[in-house]
Engineer: 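Take a look at the following structure, please.
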2 protein chains.
Amino acid sequence: MGTGLDLPLDQILVGDCIEALRSLPPASVHAIFADPPYNLQLRGDLRRPDDSLVDAVDDDWDKYDSFAAYDAFSRAWLTEARRVLRRDGTLWLIGAYHNIFRLGVALQDLDFWILNDVIWRKANPMPNFRGRRFTNAHETLIWAARGQESKYRFNYAAMKSLNDDQQMRSDWFIPLCTGAERLRDAAGVKLHPTQKPEALLHRVILASTAPGEIILDPFLGSGTTAAVAKRLGRHFIGIERDPGYAAAAAARIAAIAPIASAAALSLPSKREQPRVPFGVLVERGLIPAGSRLQDRARRYSATVGADGTLRCGAFAGSIHKVGAALMEAPSCNGWAFWYAETPGGGLRLIDEFRAEINQGLVA
Amino acid sequence: MGTGLDLPLDQILVGDCIEALRSLPPASVHAIFADPPYNLQLRGDLRRPDDSLVDAVDDDWDKYDSFAAYDAFSRAWLTEARRVLRRDGTLWLIGAYHNIFRLGVALQDLDFWILNDVIWRKANPMPNFRGRRFTNAHETLIWAARGQESKYRFNYAAMKSLNDDQQMRSDWFIPLCTGAERLRDAAGVKLHPTQKPEALLHRVILASTAPGEIILDPFLGSGTTAAVAKRLGRHFIGIERDPGYAAAAAARIAAIAPIASAAALSLPSKREQPRVPFGVLVERGLIPAGSRLQDRARRYSATVGADGTLRCGAFAGSIHKVGAALMEAPSCNGWAFWYAETPGGGLRLIDEFRAEINQGLVA
DNA sequence: ACCTCACATGAATCGGCGG
DNA sequence: TCCGCCGATTCATGTGAGG
């Protein structure tokens, strides 16, 4: 197992993606983000209605002889990527209709387990100039665990916070990478044809990694993955075939200042907070043993035991078990069911007592 | 070739989808909408595109066998669907990440040509109750022509009108099928687990068919495709294996009243207007021979010939050729370039004269 | 300083018809 | 089948010049 010491952390490996992946130890990175060639099959020029020419992706690296050749390439690098991925790691892919279906099938056939497909809705896509199709206004990401039974990280609370305290959906509305963020040469010409916006990687990295973890990008290109990883206090490993792109990415990354504040990086996740059993509230006297809890409608009341169990008539057990028994429900979240009497005669949800502990308001 | 008379127009064929497709003549329908099952609970024969039989379905399939069986089933019915589709027809598929990648690859491998993938963004998706993934808030449609070189119908103007006079994008925001639209049995239980909203089919049918054309749904289910087709003045052919669903769909369709007004169904499209050559404007005296045309900035002027050609210095030819030559552009739409002098001394685009003829304002 | 307008540009599988 | 001509077609952003 890699200890981290034998990994090329925060470096860019210049060379072929499959060979570079083979040089890495197995089960060594926490996440992979890959933006592989799209296999666009463009034929003639495209002009805008004002007769200006669209600057299309016509690079050699995007040319494949056939679907079969593209599939073989995809499966080769995905196989190595899976080997390098930790058992609890996840992999992100991005593509468009030209290639994303083939990538998805390759993932499934290689035993990855798809968790979500995610739609990047472009705020400002290029219009369809000829009026022959729908405006191609999105790209598709696939998020997958290493296997069906794999554990994986999903920073649910961080995503919910990012989305105004509503669950993050599978469709993300994010502008294209333009303006000052876009890398350009001295003449002002874009350096890379498909530079991804940092906002997209911000969400990907925040959702699926923790500070200090390692994210690998086998098609680093202009270096967006590495730049955002560094800013968010994650380690990166980049692989890029083109020395020019690698050099530009390295310069870009060097200019990034990581977020200094540990507090800004640690997003509170209920799941990761030390679990506070109900008994601790009793132990600390927030809810005294022997006091009574009520449901919201005051239809039921129960007595708090010194061991953190409740008793209500014939029923005894955890706050969850007793709640479920009274409601005749298969399960019940006791934290959201039981209220304690306040000195003023009102009711206060027991989860609020727990929140005080989690927020450090109670010693 | 089907004349329409030998087709089961506006009927539901109850039975196996592949057999029913085989009973239809080739190149006979204008569009296909398919919402195939992806639960892998396949019964009956599965045949590969080469007509070989897939091994019997039993319970101890591993995952590969399941994917392989689903792929074989998909390719079998898609092969028949492609045979039945007219050369200028298009096919729509809908699915989620469990199956849509496999369907997309099958399409590409069978020589369909993908025109767009379209995202149905659900206004009201089911939340992710466990908080372990992103809320699955969309499904994916694929829109494909029969082949790379195929002509196909795209009612661009209708889609633009539907979207506040902006190009229709590839992401559609549409609510789930709920409330009165949802078919239920006498006990109020939903009749079909995946009934699609009529709004979705409205957009699909409006985009890719003309009134009087034929749309086929090989997995009719609750009959949404047929219901919307009938309302929009299209013919449908439905295939459904389950007699219960077929009966419910038939009752639903019978209650639909088609839109009576031909005007409400008509598709305003400049492309479909009869072509009026510039010479006709000269012929009819709207723009007299010998008069002069100007560009908008009055940088160029040209003399109108009696045969509908323009002359400007050394250049002579059609309104398009002369415009392109003056602009040093590879091409030019003369109708949008040249203006005639009005009696008041202003300029009027020559396309406006043509519009008068198209609108019948000029004899 | 602020507003307006012109211009540039983005992963794009972007014609149809007649001769 | 190929070739040539007709003629239909764009949205959100950012930048920079000019008023």
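In the text below, chain A, chain B and the rest are named by the order of the sequence lines, each starting its count at 1.
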Engineer: Taking only side-chain N and O atoms of B/K321, does any of them lie within less than 4.0 angstrom of OP1 or OP2 on D/dC5?
Structural biologist: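 It does, given that an N or O in the side chain of B/K321 lies less than 4.0 Å from OP1 or OP2 of D/dC5.
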Engineer: Is the distance from OP1 or OP2 of C/dG15 to the nearest side-chain N or O of A/R130 less than 4.0 Å?
Structural biologist: yes
Engineer: Counting heavy atoms from C-beta on, name the nucleotide in D/dA8, D/dC6, C/dA11 closest to the side chain of A/E139.
Structural biologist: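 The answer is C/dA11, which lies nearest to the side chain.
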Engineer: Which is true for B/S318 with a 4.0 Å heavy-atom rule: it touches a base, it touches only sugar-phosphate, or it touches nothing?
Structural biologist: sugar-phosphate
Engineer: Scan A/A56 against the nucleic acid and name what it touches under 4.0 Å (heavy atoms): base, sugar-phosphate only, or nothing.
Structural biologist: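 The answer is base, as A/A56 lies within the cut-off (heavy atoms under 4.0 Å) of a base atom.
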Engineer: Using a 4.0 Å heavy-atom cut-off across all strands, classify A/R43 as base, sugar-phosphate, or nothing.
Structural biologist: nothing
Engineer: What is the separation between atom CG on A/L46 and atom C1' on D/dT9, rounded to the nearest whole Å?
Structural biologist: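 Nearest whole value for this atom pair: 10 Å.
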Engineer: Any base atoms under 4.0 Å from A/C177, or only sugar-phosphate, or nothing? Heavy atoms, all strands.
Structural biologist: nothing
Engineer: Applying a 3.5 Å limit to both distances, which nucleotide forms a Watson-Crick or G-U wobble pair with D/dT10?
Structural biologist: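 Matched D/dT10 with nothing under the 3.5 Å cut-off.
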Engineer: Using the P atoms only, state how far C/dG10 lies from D/dT9, rounded to an integer number of Å.
Structural biologist: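 Rounded to whole Å, the distance is 25 Å.
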Engineer: Could you check whether B/K160 gets within reach of a base, just the sugar-phosphate, or nothing at all, counting any heavy atom under 4.0 Å?
Structural biologist: sugar-phosphate
Engineer: Taking any heavy-atom pair under 4.0 Å as a contact, classify A/N136: base, sugar-phosphate, or nothing.
Structural biologist: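 Answer is sugar-phosphate: A/N136 comes under 4.0 Å of backbone atoms only.
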Engineer: Of A/F219, A/F33, A/W143, which is the lone residue that meets ring pair (Phe, Tyr, Trp, His ring centres under 6.0 Å) with A/W92?
Structural biologist: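 Result: among A/F219, A/F33, A/W143, A/W143 is the only option passing the ring pair (Phe, Tyr, Trp, His ring centres under 6.0 Å) with A/W92.
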Engineer: Taking the same atom, P, in C/dC14 and in D/dC6, what whole-Å distance lies between them?
Structural biologist: 24 Å
Engineer: Report yes if at least one side-chain N or O of B/H320 is closer than 4.0 Å to OP1 or OP2 of D/dC6; otherwise report no.
Structural biologist: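 For D/dC6, neither OP1 nor OP2 has a side-chain N or O of B/H320 closer than 4.0 Å.
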Engineer: Test your reading of the model: is there a side-chain donor-acceptor pair from B/Y152 to the backbone of A/R132, 3.5 Å cut-off?
Structural biologist: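 Answer holds: yes.
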Engineer: Between A/S52 and C/dT9, is there a contact of a side-chain N or O with OP1 or OP2 at under 4.0 Å?
Structural biologist: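 Looking at the OP1 and OP2 atoms of C/dT9, neither is under 4.0 Å from any side-chain N or O of A/S52.
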Engineer: Check each of A/I119, A/I94, A/V118 against A/T140 using the side-chain contact (heavy atoms from CB on, under 4.5 Å) test, and report the only one that passes.
Structural biologist: A/I119
Engineer: Taking only the C1' atom of each, what is the distance from C/dC7 to D/dT10 in whole angstrom?
Structural biologist: 14 Å
Engineer: NA contact type, A/G44, heavy-atom cut-off 4.0 Å: base, sugar-phosphate, or nothing?
Structural biologist: base
Engineer: Does the ring center of B/W338 lie less than 6.0 Å from the ring center of B/Y300?
Structural biologist: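 So the answer is no for these two rings.
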Engineer: Looking only at side-chain atoms of A/F129, point me to the closest of C/dA11, D/dG7, D/dC11.
Structural biologist: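 Shortest atom-to-atom distance from the side chain points to D/dC11.
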Engineer: Reading DNA chain D from 5' onward, which residue's closest nucleotide shows up sooner: A/R47 or B/R169?
Structural biologist: A/R47
Engineer: Please say whether the positively charged group of A/R169, taken as NZ for Lys or CZ for Arg, lies over the ring of B/F134, i.e. under 6.0 angstrom from the six-membered ring centre and within 45 degrees of the axis.
Structural biologist: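 So A/R169 doesn't make the cation-pi contact.
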Engineer: Starting from the 5' end of DNA chain C, give me the residue, B/Q108 or A/D50, whose nearest nucleotide shows up first.
Structural biologist: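 Comparing both residues, the 5'-ward one is A/D50.
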Engineer: Could you measure between the two P atoms, the one in D/dA8 and the one in C/dA11, and give it in whole Å?
Structural biologist: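 Per the computed distance, 30 Å lies between those P atoms.
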Engineer: Given the side-chain rings of B/F173 and B/W120, with only the six-membered ring counted for Trp, is the space between their centroids under 6.0 Å?
Structural biologist: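 Ring centroids of B/F173 and B/W120 are no less than 6.0 Å from each other.
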Engineer: Partner lookup for C/dC14, please. Criteria are Watson-Crick or G-U wobble with both distances under 3.5 angstrom; report none if nothing qualifies.
Structural biologist: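 Answer to the pairing question: none, since C/dC14 forms no Watson-Crick or G-U pair.
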Engineer: Taking OP1 and OP2 of D/dT10, is either one under 4.0 Å from a side-chain nitrogen or oxygen of B/Y156?
Structural biologist: yes
Engineer: D/dG7 and C/dG19: how far apart are their P atoms, nearest whole angstrom?
Structural biologist: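 Here D/dG7 and C/dG19 have their P atoms 14 Å from each other.
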Engineer: Taking atom types as they are modelled, is there a donor-acceptor pair under 3.5 Å from the base of C/dG10 to the side chain of A/R48?
Structural biologist: yes
Engineer: Is the distance from OP1 or OP2 of D/dC11 to the nearest side-chain N or O of A/K122 less than 4.0 Å?
Structural biologist: no
Engineer: Mind checking who C/dC2 pairs with, Watson-Crick or G-U wobble, both distances under 3.5 Å?
Structural biologist: D/dG19
Engineer: Mind checking A/R184 for me? I need base, sugar-phosphate or nothing, with any heavy atom below 4.0 Å counting as a touch.
Structural biologist: nothing
Engineer: Using a 4.0 Å heavy-atom cut-off, does A/P36 contact any base of the nucleic acid, only the sugar-phosphate backbone, or nothing at all?
Structural biologist: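 Here A/P36 touches the bases of the nucleic acid.
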Engineer: 5'-most contact on DNA chain C: A/L42 or B/Y152, nearest heavy atom basis?
Structural biologist: A/L42
Engineer: Base, sugar-phosphate, or nothing for B/Q166, non-hydrogen atoms under 4.0 angstrom?
Structural biologist: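 Sugar-phosphate, backbone atoms only, no base.
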Engineer: Which whole-number value in Å describes the distance from A/M126 CE to D/dG14 P?
Structural biologist: 18 Å
Engineer: Regarding B/R354 and the six-membered ring of B/W335, is the cationic atom NZ or CZ under 6.0 Å from the ring centre and inside 45° of its axis?
Structural biologist: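 Yes, B/R354 and B/W335 form such a contact.
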